[in-house]
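Here's the structure we're looking at; comments come further down.
All chains are named by letter (A, B, ...) in the order of the sequence lines, taking the proteins before the strands, and each is independently numbered beginning at 1.
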Amino acid sequence: MGTVFALADCNNFYASCERVFDPSLAGRPIVVLSNNDGCIIARSAEAKALGIGMGLPFFQYEKALLRHGVAVFSSNYALYGDMSARVMSTLGRFTPNLETYSIDEAFLDLSGLPGDLTAYAARIRETVLRWTGIPVSIGLGPTKTLAKLANRLAKDAPGHNGVLDLTGPRDREAFLARVAVGDIWGIGRRHAARLDRYGVRTALQFSRLSRDFVQKHLTVTGLHTLLELQGVPCIDLETAPTPKKSIISSRSFGRPVTTGTDMREAVAWHITRATEKLRRQKSLAGTILVSMQTNRFLTGEPQHEASDSLTLPMPSAYTPELLAAGLSLADRLIRPGYRYKKVGVMLLGLEAEDTVQGSLLAPPEADSSRRRALMDGIDRINAKWGRETVRPAATGLARPWGMRQARRSPRYTTCWAELPLVRAG
DNA sequence: TCTGGGGTCCTAGGACCC
DNA sequence: TCTGGGGTCCTAGGACCC
């Protein structure tokens, strides 16, 4: 018996989360918007059936959506993140070997399981649905790529009840023939277009290409995809979360920003947020990068896009130090007279806080333990009393650059004041 | 007025070394 | 016209994922 991977993927996850706490949404088309209520990033099955595309700018379709009775939500990541954790912990009851692949997907290693795999997967589905209210589909395969493909078929192909098994070679070719090459995990738009020029349109055709051809055109990652489709595992299950190698905080503004003060506040806010993430994974950053841009869709307006980075003398997770570095970069980049749309901060050159290299030139800071205690104290207060209970003054108070979120549902599961209310009688 | 955010990996080419 | 050979490291850009 070989390896068996399952991919469990929540159906229309964000839309499903909204539905769990609002039964009146059953059967209704739902869309969820990106940050700032910009684009449509999630759709319920009913919304997809109406032909509402992914990534469409909301403001262009707002009237049509409301006319069709579509329920529209701002994204509510407090809710989605918490529901995701519930789904993952439920899945964890069925195997200790689980990789949380994204907010709504997990790979499970089901190798060596006795009995009927399809029935086992069906039981996983039922349990997740009963315990969390979230519907999932499950694909089974001897490699992650085939499990992904099986999952897609489980969702799209009727008559499979949300579970599809591609672990055996039986019927595999027939299923591969039904999947477009661009729908293979790891084959994106560009590669799909390139393959199309060679007449390669289905997963089956792709799986029959020579290794040399694939490596030449799609590099080694493409070669791994090829082998995985042929049933040869190349991509392992990663059960332990690995620390990030870079951390980003960036966001569009709710409205154009024109003053240096607002720009600096926004940059400081992102630095603070990125540095919190950095400390949470117990890392230090060697380099900070600040970027900003105007609204590229407004072709009539003057455009400015700029970014620059600065490498610290010693890697750090001390917010005031990163604020000083990042704001000095911002001051060099910001140009008066532009209407900015977005700023971002990236932390690079990350290393674990306990393995950092010392420097011959800069002796260890006498107050480094004091700095660490200060950050630790602030992080604890904010964990207990809520984000931004204690925050740098540089991040401002009024936040005129903050994002729009006109249609957010309550944070049903993470906020006492927003718990769902049930009336009896 | 309005168009998302956050990541990873690979390769080519330049800088630099002996 | 010709002007070595081989290696490492870093970065930018491109591709992919959700």
Side-chain angles (χ1 to χ4, degrees), chain A residues 7 9-10 12-14 31-42 53-63 65 72-77 80-81 84 99-107 144-145 148 151-152 181-195 214-225 234-235 238 241-258 270 273-274 277-278 281 286-287 289 291 293-301 307 309 311 339 341-350 400 403-407:
Chain A
L7 177 70
D9 187 325
C10 301
N12 315 316
F13 182 55
Y14 296 171
V31 302
V32 179
L33 307 178
S34 62
N35 279 322
N36 248 333
D37 295 347
C39 296
I40 295 166
I41 56 161
M54 179 74 169
L56 299 178
F58 173 57
F59 76 96
Q60 285 176 4
Y61 295 85
E62 180 167 6
K63 282 191 183 138
L65 292 177
V72 179
F73 291 95
S74 304
S75 39
N76 182 348
Y77 286 104
Y80 311 149
S84 171
E99 172 186 345
T100 302
Y101 177 66
S102 73
I103 195 166
D104 68 339
E105 283 174 77
F107 285 104
K144 282 178 151 183
T145 303
K148 265 279 206 186
N151 183 280
R152 186 175 185 89
V181 73
D183 289 336
I184 300 169
W185 187 44
I187 310 283
R189 273 175 120 89
R190 304 307 276 267
H191 285 335
R194 185 153 190 183
L195 289 165
V214 172
Q215 173 141 23
K216 175 164 167 251
H217 290 279
L218 275 61
T219 78
V220 293
T221 46
L223 178 60
H224 290 159
T225 302
C234 299
I235 308 171
E238 286 168 32
T242 48
K244 306 268 180 270
K245 296 172 179 174
S246 64
I247 288 173
I248 295 175
S249 177
S250 74
R251 198 163 282 175
S252 303
F253 302 129
R255 54 177 129 115
V257 166
T258 54
H270 286 295
R273 196 162 162 259
K277 294 189 200 177
L278 182 69
Q281 68 163 35
T287 300
L289 181 143
S291 63
Q293 53 195 284
T294 49
N295 189 340
R296 65 195 155 87
F297 291 103
L298 303 180
T299 46
E301 285 195 11
S307 69
S309 64
T311 295
R339 290 155 56 83
K341 176 65 186 166
K342 182 177 181 176
V343 295
V345 167
M346 200 183 318
L347 301 178
L348 305 154
L350 308 193
M403 69 172 169
R404 254 194 327 264
Q405 250 198 340
R407 303 158 178 274

Tell me what Ser75(A) touches on the nucleic acid: a base, only sugar-phosphate, or nothing, going by heavy atoms under 4.0 Å.
nothing
In this structure, which stretches of DNA chain B are paired as stems of three or more consecutive Watson-Crick or G-U pairs, both distances less than 3.5 Å?
B:5-18 with C:5-18
Taking all heavy atoms of Ser250(A) and all of Gly344(A), pick out the closest pair and write down the distance.
CB-CA, 3.4 Å
Rounded to the nearest 0.5 angstrom, the CG-CD distance for Asn76(A) and Gln405(A) is 7.5 Å
For a quick check of understanding: with a heavy-atom distance under 4.0 Å over all strands, which category does Ile187(A) fall into, base, sugar-phosphate or nothing?
sugar-phosphate
One should read off an interatomic distance between Ile248(A) CD1 and Lys277(A) NZ, to the nearest 0.5 angstrom, of 8.0 Å
For Asn295(A), report the nucleic acid contact type (base, sugar-phosphate, nothing); a contact means any heavy atom under 4.0 Å.
sugar-phosphate
With a 4.0 Å cut-off on heavy atoms, is Ile184(A) in touch with a base, just the backbone sugar-phosphate, or nothing at all?
sugar-phosphate
Mind checking if Arg273(A) touches a base, just sugar-phosphate, or nothing, with heavy atoms under 4.0 Å?
sugar-phosphate
Base, sugar-phosphate alone, or nothing: which one does Asn36(A) contact when heavy atoms must sit under 4.0 Å apart?
nothing
Toward the 5' end of DNA chain B, which comes first, Met54(A) or Thr221(A), by nearest nucleotide?
Met54(A)
Give Glu105(A) one of three labels, base, sugar-phosphate or nothing, depending on what nucleic acid heavy atoms sit under 4.0 Å from its own.
sugar-phosphate
For DNA chain C, note the earliest and the latest nucleotide, 5' to 3', having some atom under 4.0 Å of a heavy atom belonging to chain A.
dA15(C) to dC18(C)
Could you tell me whether Ile247(A) contacts a base, only the sugar-phosphate backbone, or nothing, with contacts defined as non-hydrogen atoms closer than 4.0 Å?
sugar-phosphate
5'-most by nearest nucleotide on DNA chain B - Cys39(A) or Lys277(A):
Cys39(A)
Leu56(A) CG to Ile41(A) CD1 distance, which is reported to the nearest 0.5 Å:
12.5 Å
Closest non-hydrogen atoms of Glu99(A) and Lys144(A), given as atom of the first, atom of the second and distance, are OE1-NZ, 2.7 Å
Heavy atoms of other groups near Arg255(A) CZ, more than 12 under 6.0 Å:
no
Where is the tightest heavy-atom contact between Leu223(A) and Val214(A), given as atom of each residue plus distance?
N-CG1, 3.7 Å
Closest heavy-atom pair, His270(A) versus Ser249(A), reported as atoms and distance to 0.1 Å, is ND1-OG, 2.7 Å
Taking the six-membered ring for Trp, are Tyr101(A) and Phe107(A) parallel (under 30°), tilted (30 to 60°) or perpendicular (over 60°)?
perpendicular
Name the nucleic acid region contacted by Arg190(A), choosing base, sugar-phosphate or nothing; use a 4.0 angstrom heavy-atom cut-off, strictly under.
sugar-phosphate
Need one value for Tyr101(A): base, sugar-phosphate or nothing, where a base atom within 4.0 Å counts as base even if backbone is also close, heavy atoms only.
sugar-phosphate
